[in-house]
Chemist: 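One structure coming up, written as structure tokens, with questions to follow.
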Amino acid sequence: MQKSPLHPFSATIMAWYAEHQRELPWRQTRDPYAIWLSEIILQQTRVAQGLPYYERLLAAFPTVRDLAEAPEANLLRLWQGLGYYSRARNLQKAAQMIMRDFAGVFPQTYDEIIRLPGVGPYTAAAIASFAFNEAKAVVDGNVFRVLSRVFAVETDIASSAARGIFTELAQSLIPASDPAGFNQAIMEFGALQCTPSPDCSVCPLAIFCQSNLTKTVANFPVKSKKTQVKAIQMDYLIIEQKGHLLVRERVGNGIWKGLWEFYLLEDQADWLPFSRQALKSPPVHLLSHRKITCDAWYVQVPDNFALAIPEGYVWMSPSDFESKGKSVLLLNLITDNLECPILQDISPTYL
DNA sequence: AATGCGGGGAG
DNA sequence: CTCCCAGCATT
């Protein structure tokens, strides 16, 4: 049988992959559901951080139907600590779409898969290739880095044109004989060998890597913009009455949508006619785009006082509140103040 | 074309 | 500290 010639780049990284690949659970399956779950978890997330979440979520929701029918709050509780919580909400929306529009059968082509909410060009290519061996090249952060260095591509990866250019290049290198293997190989190569600070002395591509040959590896990939960090102050009142807490689910499209929190002080006009006990402030919470400082107080409301419940808030038992997803900032606030009795009851059993 | 969205690990 | 991670949705 006639085979199309393998580009030296492709042959080299696939040989390297055969030797150096990690054993990861989502590589032991062809189940598109499990592969999809792993890919959503791994968006902008390191393997080491996502691994325990993958095991937990797959155990809790073994099938698309289980995921589609689960209460969203349970999913967000399991997602707690992983960040980018819209991933979890879109995951369930997509599961419901698969049940409704695909009769519960996971879509099998790139063009169908990419219609699922939370699935973009990278994730659709990953699922289509890994589960169905469709020859769609993946382009993620690893691929940007590897290809930009090896072929000295000076396109700014932050530009809108970058995806198209790198997709075309990757697509020209993907072998029809093993698209899944190539996609796995190039990403693993970026993750383990062609890292942000690589050791080019042990690289199998060093002899024809264009940036290595010109000693300009550190100049690639070209990336222009950096996200600016805004400072935010968030003050919480932990309000208790008759063993219950005044809490709410965050709504709107801002940070931590779908997660739960204590009473958030919106302005200085907020007050209660009771003494506040200052709590230990959690550490400054650093995110990619936010620097959040937080102060908090504990307020015990007498049993017989009829407190007007603010819009959006509800009284909730500590055990119910523990079962809701919360931000890591709030979890830190809780675990740093366990001398406050009611906070012991909402201390998480797992992150 | 820009911006928002989480959290953590590596250097 | 800075960078960036198996990115995507929204504006």
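Reckoned from all heavy atoms, side chains included, excluding hydrogens, waters and symmetry mates.
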Chemist: B/dC5, OP1 or OP2 - any side-chain N/O from A/His289 closer than 4.0 Å?
Modeler: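 It does, given that an N or O in the side chain of A/His289 lies less than 4.0 Å from OP1 or OP2 of B/dC5.
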Chemist: Expressed in angstrom and rounded to an integer, what is the separation of A/Asn183 atom CG from C/dA6 atom C1'?
Modeler: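 That distance rounds to 10 Å.
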Chemist: In whole Å, measure the gap between the P atoms of C/dA6 and B/dG11 for me.
Modeler: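 About 13 Å, rounded to a whole number of Å.
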Chemist: Check A/Ile114, A/Asp140, A/Ile127, A/Thr167 against A/Tyr122 for a side chain to side chain contact (heavy atoms under 4.5 Å, CB included) and give me the one that passes.
Modeler: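 Passing option: A/Asp140.
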Chemist: Rounded to the Å, how far apart are A/Leu37 CG and C/dG7 C1'?
Modeler: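 Atom CG in A/Leu37 sits about 16 Å away from atom C1' in C/dG7.
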Chemist: Expressed in angstrom and rounded to an integer, what is the separation of A/Leu116 atom CG from C/dA9 atom C1'?
Modeler: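 In whole Å, C/dA9 C1' lies 15 Å from A/Leu116 CG.
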Chemist: Can you list everything that forms a ring pair (Phe, Tyr, Trp, His ring centres under 6.0 Å) with A/Phe220? Sequence neighbours excluded, please.
Modeler: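 Partners of A/Phe220 under the ring pair (Phe, Tyr, Trp, His ring centres under 6.0 Å) test: none.
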Chemist: Would you say a side-chain N or O of A/Arg145 is under 4.0 Å from OP1 or OP2 of C/dC4?
Modeler: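 For C/dC4, neither OP1 nor OP2 has a side-chain N or O of A/Arg145 closer than 4.0 Å.
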Chemist: Sequence neighbours excluded, which residues qualify as salt bridge (charged side-chain N to carboxylate O under 4.0 Å, His left out) partners of A/Glu240?
Modeler: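 Here no residue qualifies.
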Chemist: I'd like to know if A/Arg248 pairs up with A/Glu261 as an ion pair, taking the criterion as any Lys NZ or Arg NE/NH1/NH2 lying under 4.0 Å from an Asp or Glu carboxylate oxygen.
Modeler: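 So A/Arg248 pairs with A/Glu261 through a salt bridge.
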Chemist: Would you say A/Thr123 reaches C/dC8's phosphate, i.e. side-chain N/O to OP1/OP2 under 4.0 Å?
Modeler: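 The answer is yes; a side-chain N or O of A/Thr123 sits under 4.0 Å from OP1 or OP2.
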Chemist: Starting at CD1 of A/Ile41 and ending at P of C/dG7, how long is that distance when rounded to a whole Å?
Modeler: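 The distance from CD1 of A/Ile41 to P of C/dG7 comes to 13 Å, rounded to the nearest Å.
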Chemist: Return the polar atom pairs (N/O with N/O) between nucleotides 7-11 of chain B and the protein under 3.5 Å, or none.
Modeler:
unit_1: B/dG7; atom_1: OP1; unit_2: A/Tyr85; atom_2: OH; d: 2.9
unit_1: B/dG7; atom_1: OP1; unit_2: A/Val328; atom_2: N; d: 3.2
unit_1: B/dG7; atom_1: OP2; unit_2: A/Trp256; atom_2: NE1; d: 3.0
unit_1: B/dG7; atom_1: OP2; unit_2: A/His285; atom_2: NE2; d: 2.9
unit_1: B/dG7; atom_1: O6; unit_2: A/Ser288; atom_2: OG; d: 2.6
unit_1: B/dG8; atom_1: N2; unit_2: A/Arg46; atom_2: NE; d: 3.3
unit_1: B/dG8; atom_1: N2; unit_2: A/Arg46; atom_2: NH2; d: 3.4

Chemist: What is the distance, rounded to the nearest whole Å, between atom CZ of A/Arg115 and atom C1' of C/dA9?
Modeler: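 For the pair A/Arg115 CZ and C/dA9 C1', the rounded distance is 18 Å.
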Chemist: Over how many whole Å does the gap from A/Arg87 atom CZ to C/dC5 atom C1' extend?
Modeler: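 So the CZ-C1' distance, A/Arg87 to C/dC5, works out to 10 Å.
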Chemist: When we call it a touch if two heavy atoms are under 4.0 Å apart, what does A/Trp79 touch: a base, just sugar-phosphate, or nothing?
Modeler: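 No contact.
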Chemist: Take A/Pro221 and A/Gln43, find for each the nucleotide of DNA chain C with the closest heavy atom, and name the residue whose nucleotide sits nearer the 5' end.
Modeler: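 Residue closer to the 5' terminus by nearest nucleotide: A/Pro221.
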Chemist: Quick test of your reading: applying salt bridge (charged side-chain N to carboxylate O under 4.0 Å, His left out), list the pairs with at least one residue in residues 77-99 of chain A, sequence neighbours left out, ordered by first then second residue.
Modeler: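 Every salt bridge (charged side-chain N to carboxylate O under 4.0 Å, His left out) pair that includes a residue of residues 77-99 of chain A, provided the two are not neighbours, is A/Arg77-A/Glu322.
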Chemist: Do any pairs count as a side chain to side chain donor-acceptor pair (under 3.5 Å) and have a residue in residues 47-74 of chain A, sequence neighbours left out, and if so which ones?
Modeler: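 Output for this query lists A/Thr63-A/Asp66, A/Arg65-A/Glu69.
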Chemist: So A/Lys230, base contact, sugar-phosphate only, or nothing? Heavy-atom distance under 4.0 Å.
Modeler: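 A/Lys230: backbone/sugar contact only, no base atoms under 4.0 Å.
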Chemist: Just how far, in rounded Å, is P of B/dC5 from NZ of A/Lys257?
Modeler: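 After rounding, the reported distance stands at 12 Å.
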Chemist: Could you pull out all residues at least two apart from A/Tyr84 that satisfy ring pair (Phe, Tyr, Trp, His ring centres under 6.0 Å)?
Modeler: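 A/Tyr84: no ring pair (Phe, Tyr, Trp, His ring centres under 6.0 Å) contacts found.
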Chemist: Using a 4.0 Å heavy-atom cut-off across all strands, classify A/Val143 as base, sugar-phosphate, or nothing.
Modeler: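 If one applies the 4.0 Å heavy-atom cut-off, A/Val143 turns out to touch nothing in the nucleic acid.
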Chemist: Rounded to whole Å, please give me the gap between CD1 in A/Ile127 and C1' in C/dA6.
Modeler: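 To the nearest whole Å, that distance equals 11 Å.
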Chemist: Would you indicate what A/Gly190 reaches in the nucleic acid, counting non-hydrogen atoms under 4.0 angstrom: base, sugar-phosphate, or nothing?
Modeler: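 The residue A/Gly190 makes no contact with any strand.
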